[in-house]
Trainee: 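Pasting in a structure now, in structure tokens, and then I'll have a few things to ask.
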Amino acid sequence: MEIGVSVVEGEAVVLGSDGATGTAQILGALASMLHDEAAEVVGEDLKALMVVAARSGGVIGRRPFDTRIASYVLNPTLEGHDLTALAERFLGTTLPTGPDATGARATAALRLRPVLERELEACEALSLFRDVEMPLLQILADMERRGMLVDVAMLAALSSEYAGKLAGMVEEIHALAGETFNIQSPPQLRTVLFEKLKLSTRGVRRGKTGLSTDVDVLRKLAKQHPLPALILEYRALAKLMSTYVDTLPGLVNPETGRVHTCFHQAVAATGRLSSSDPNLQNIPVRGEEGRRIRAAFTAPPGRCLVSADYSQIELRILAHLSGDSALVDAFRRNEDIHARTAAEVFGGLGGLTADKRRAAKAINFGIIYGMGPARLARELEIPHDEAVGYIAQYFSRYPGVRAYVGETVASARRLGYVQTLMNRRRYLPELGAQDGGARQFAERTAVNTPIQGSAADLIKVAMQRVDRRLRQDRLDAGMILQVHDELVFECAEEMADPVAAAVRAEMEGVAQLIVPLRVDVHSGRNWAEAH
DNA sequence: CTGGAAAGCGCC
DNA sequence: AAAGGGCGCTTTCCAG
């Protein structure tokens, strides 16, 4: 049996191969229909359907085909991945919309499958689609359904505490400024800093509307006046308050007492997942207050959280892709990579200082992102020519990386796209742009995307391996979160050790790169402890 | 009133 | 020259 599915306005419309259409409003009926594992379900946004089906014990066939994700794998940055756009692009038909058009839309989904499959085959991405992205669909649905427990009382306590602190800071800031103004308004703040207090604007960057007041600028200004530092402190706390402390409780599902984030599988240009409502991929971790918020993400009594994150996965991928002998050597010896770069760039003499390591870390990341000397100079607060020297020294010590960067950009210009380890493709038409700025941006993207995107490939495969292993071993543990290089599980407290061992083994064994993959695993009562 | 741009910032 | 890659969310501010 073949079923076309179109999810319109959150309502699943099912089309049987006999052509009969119907709106499945009763979830039980839908689930039983989909319980037929022989069914081949074709449609868009199948994850929503899987969440529904899983609730009633149903499955979505053996070989689901999601048209949106197929389109995304073919060309992630294209504007429309919806059925209407795909029908236009691949079938040359204009699809009707609305409640009466569901049958036509489901039919289009069925017709699109063979077309999209041929396209995927043509760019050798069929395996990525069929063996990685489609199996991930069910895993993400399960993760969303499980959700994560949030200690709302803890957040409420933080809220009162922060409210008091913020109120005090507002008074202090207004007193220091000599007037009351909206601290959260960059234009008003700009007036206070540069017109009223007449702070020096030397070296202050400009945005589109005038002088910037962002964190870098305020840090510089802090040397002239006590106000900027206070603003920074206020902003940090206000950010935590409005984005997390006061918002998260409202996103807790009253039936489960948990937050059920939505993972998006066809959004990020590199192949990464994204997360929303709430975004659990940007929960604070740095700083004392950040960790207090993270600690509000917990496991229920008797259970605990296990977190496993890849160590330096992007730099390891750079080592693999470039084959640079020094970089490969460093990882094979399991060295501290930032210390190694510090030694290479600054010489082994004088020993490793905290400053040197911090600088080396900035350079290591800068290379991945295609950083120029100006940015490095700003970040390290050093003269521009010194930054130029460091970058030159880096490339002379890691010549394989230099060659890789050059070859990657050249190949991208020739082909018009770059690819990841699993043939995820990203087209970069801007490489041929007249506008130098746009072209350089595309060149940085050409270098970064294979690295970031390959990391995304690997962790997606890892998710599948770990999920299968946990089921095989009958471990009472469920994956609940993915944060790009980290997986989080909830499990029975006494199972933490075997879960950790299984997770580590599956993650480290996900692929044989020319350097080993390393995973750090921790467990705890809450996410801060487990990190 | 809503929508969107801009600025800013949390994470990897 | 305006900058390192990728996201999502908040607030402000202004236009419709």
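Here is how names work: the chains are called A, B, and so on, in the same order as the sequence lines, proteins then strands, and each is numbered from 1.
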Trainee: Is A:Thr209 close enough to B:dA7 that one of its side-chain N or O atoms is under 4.0 Å from OP1 or OP2 there?
Mentor: yes
Trainee: Name the nucleic acid region contacted by A:Val447, choosing base, sugar-phosphate or nothing; use a 4.0 angstrom heavy-atom cut-off, strictly under.
Mentor: nothing
Trainee: Of the nucleotides B:dA6, C:dG6, B:dC11, which has the atom closest to the A:Val285 side chain?
Mentor: B:dC11
Trainee: Compare the minimum distances between each of C:dG6, C:dT12, B:dG10 and the side chain of A:Gln184, then state the nucleotide with the smallest one.
Mentor: C:dT12
Trainee: With C1' as the reference atom in both, quote the distance from C:dA2 to B:dA7 in angstrom, rounded to an integer.
Mentor: 14 Å
Trainee: Contact class for A:Asp309 (heavy atom, under 4.0 Å): base, sugar-phosphate, or nothing?
Mentor: nothing
Trainee: Counting the benzene-type ring for Trp, do A:Tyr394 and A:Tyr398 have ring centres under 6.0 Å apart?
Mentor: yes
Trainee: Which of the following nucleotides, B:dG8, C:dG5, C:dT12, is nearest to the side chain of A:Ser185?
Mentor: C:dT12
Trainee: Output the rounded distance in Å from CG (A:Leu318) to C1' (C:dG4).
Mentor: 14 Å
Trainee: Any strand counts, and the cut-off is 3.5 Å on both contacts for Watson-Crick or G-U wobble. Which nucleotide pairs with B:dC11?
Mentor: C:dG6
Trainee: Kindly point out which of C:dC7, B:dG10, B:dC9 is positioned nearest to the side chain of A:Asp214?
Mentor: B:dC9
Trainee: Name the nucleic acid region contacted by A:Lys239, choosing base, sugar-phosphate or nothing; use a 4.0 angstrom heavy-atom cut-off, strictly under.
Mentor: base
Trainee: Over all strands shown, is A:Thr449 touching base, sugar-phosphate only, or nothing at heavy-atom distances under 4.0 angstrom?
Mentor: nothing
Trainee: Whom does C:dC14 pair with, Watson-Crick or G-U wobble, provided both distances fall under 3.5 Å?
Mentor: B:dG3
Trainee: What orientation do A:His174 and A:Phe181 show, parallel under 30°, tilted 30 to 60°, or perpendicular over 60°?
Mentor: tilted
Trainee: Salt-bridged, A:Glu288 to A:Arg291, with N to O below 4.0 Å?
Mentor: no
Trainee: Any carboxylate oxygen within less than 4.0 angstrom of a Lys/Arg side-chain nitrogen, looking at A:Asp82 and A:Arg68?
Mentor: no
Trainee: Mind checking A:Arg235 for me? I need base, sugar-phosphate or nothing, with any heavy atom below 4.0 Å counting as a touch.
Mentor: sugar-phosphate
Trainee: What does A:Gly207 touch in the nucleic acid at a heavy-atom separation under 4.0 angstrom: a base, only the sugar-phosphate, or nothing?
Mentor: sugar-phosphate
Trainee: So what does A:Arg426 touch, heavy atoms closer than 4.0 Å: a base, only the sugar-phosphate, or nothing?
Mentor: sugar-phosphate
Trainee: So what does A:Ala438 hit on the nucleic acid, given a heavy-atom distance under 4.0 Å: a base, only sugar-phosphate, or nothing?
Mentor: nothing
Trainee: Across the strands shown, which category fits A:Tyr244 at heavy-atom distances under 4.0 angstrom: base, sugar-phosphate, nothing?
Mentor: sugar-phosphate
Trainee: Using a 4.0 Å heavy-atom cut-off across all strands, classify A:Arg375 as base, sugar-phosphate, or nothing.
Mentor: base
Trainee: Under 4.0 Å, heavy atoms only, any strand: does A:Ile283 hit a base, just the sugar-phosphate, or nothing?
Mentor: sugar-phosphate
Trainee: Side chain of A:Ser242 only, heavy atoms from C-beta on: which candidate in C:dC9, C:dG5, C:dT10 is closest?
Mentor: C:dT10
Trainee: Please state how far atom CD1 in A:Ile459 lies from atom C1' in B:dC11, giving the value in whole angstrom units.
Mentor: 14 Å
Trainee: Hey, does the side chain of A:Thr191 reach the backbone of A:Glu195 with a donor-acceptor pair shorter than 3.5 angstrom?
Mentor: no
Trainee: Which of these passes side-chain contact (heavy atoms from CB on, under 4.5 Å) with A:Thr270: A:Thr449, A:Thr420, A:Asp457?
Mentor: A:Thr449
Trainee: Identify whether any heavy atom of A:Gln188 sits under 4.0 Å from a base atom; if not, whether one sits that close to sugar-phosphate; answer base, sugar-phosphate or nothing.
Mentor: sugar-phosphate
Trainee: Once you round it to whole Å, what is the distance between P of C:dG5 and CD of A:Glu430?
Mentor: 13 Å
Trainee: Using atom CG of A:Leu193 as one end and atom P of B:dG8 as the other, report the distance to the nearest whole Å.
Mentor: 11 Å
Trainee: Taking only Lys NZ, Arg NE, NH1 and NH2, and the carboxylate oxygens of Asp or Glu, determine whether A:Lys220 and A:Glu381 approach each other closer than 4.0 Å.
Mentor: no
Trainee: Kindly confirm whether the side-chain ring of A:Tyr369 is stacked on the base of C:dG4, judged by centres under 5.5 Å and planes under 30°.
Mentor: no
Trainee: Looking only at side-chain atoms of A:Pro284, point me to the closest of B:dC12, B:dG10, C:dG5.
Mentor: B:dG10
Trainee: Students often get this wrong, so: under 4.0 angstrom with heavy atoms, is A:Gln452 touching a base, only sugar-phosphate, or nothing?
Mentor: base
Trainee: Rounded to the nearest angstrom, tell me the gap between atom CG in A:Leu428 and atom C1' in C:dG5.
Mentor: 12 Å
Trainee: Please report, rounded to the nearest Å, how far the C1' atom of B:dG10 is from the CZ atom of A:Phe297.
Mentor: 12 Å
